[in-house]
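What follows is a single structure, written as structure tokens, with notes after it.
Read the numbers this way: they start at 1 and go in the same order the structure lists the ligands and their atoms.
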Amino acid sequence: MSADSKITVELACDAQAQLGEGPVWDARGNRLYWVDILSHCVHVHLQGEPASDGPIELTPYVSSIVPRRSGGFALTLQDGFYGYDPASAELTRLAEVEASIPGNRFNDGKCDPAGRYLAGTMSMNDQHGRGTLYSLDAGHAVQPLVSGVSISNGLAWSADGATMYYIDTPTQQVVAFDYDTASCAVANRRVAAEIPEDQGSPDGMTIDAEGMLWIAHWGGWQVSRWNPATGEKLLSVPVPAAQVTSCAFGGEQLDRLYITTARVGLGEAELASQPHAGGLFCAAVGVRGLPTNLYGG
Ligand code: CA
């Protein structure tokens, strides 16, 4: 795979999302779930088929969703972690978070290899350093892992679970931590990659079976592949939308990279040059992803 690989990105769903985010492959039903945070809804994508049902409204500000080992899903709303049963549409609060900070909301979240649900918060008023990355364990206990975060994004774990990769978007950096899957303690923070500002800002992220990171570039018209051991950018895949928010591997073989994007904040002229902004895109990138971690609680 070289930096000039000709990878074609296809539009998978012209959802016109305000803030598409949080794609996650659910192998139980071979479906891709993703959220539109600002439209307060979850989208369900079935490969090769048009959406059968409309988006599922989950308010306020559903920001991430994960398959749950006991069935159904867990998700983050503005003020906490919730369980969600798609059959009954019932929401059950698992843990309240930051109820005393009404200007904050949850942002990106994902499960670790041990089945904890990690998700971070951010200020809705652009206040820097007000967010925190939290962990929800199987017993629904919450603990803060990283504080002083501005826009919590980009979680991924190495296949052995011993390294966690994390993004606080305005820092332009992907950082790595030693990760203890037994306790979820993080240590030895170091910079794994640095995104040049002329390529946008790092947003969501996933990892492939070769241990390389795939990073969505907000404002950068691309997803890119990086070697976290060397900090080297290996590949850029152009996306026909500027605000690329996140990516995740899906498909029965985990060989398709799904990419979410956003329309929010774009003017008429900008939308004319990126009419499918807010869509879900998909590309065969020649490498497979790792299976989705489920929430164990
Ligand atoms: Ca994000």
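If you look at Asp203 and ask which of its N, O or S atoms sits nearest the Ca ion (ligand 1), the answer is OD1. Residue Glu21 approaches the Ca ion (ligand 1) most closely through its N/O/S atom OE2.
Side-chain contact annotation: Asn293 with Asp112, donor-acceptor N/O pair under 3.5 Å absent.
The Ca ion (ligand 1) has an N, O or S atom of Asn153 closer than 3.0 Å.
With Tyr33 as the aromatic partner, Arg28 does not meet the cation-pi criteria of under 6.0 angstrom to the ring centre and within 45 degrees of the ring axis.
With respect to the salt-bridge test (charged N to carboxylate O, under 4.0 angstrom), the residues Asp178 and Arg190 qualify.
The environment of OH in Tyr61 is sparse: at most 12 heavy-atom neighbours from other residues, nucleotides or ligands sit within 6.0 Å.
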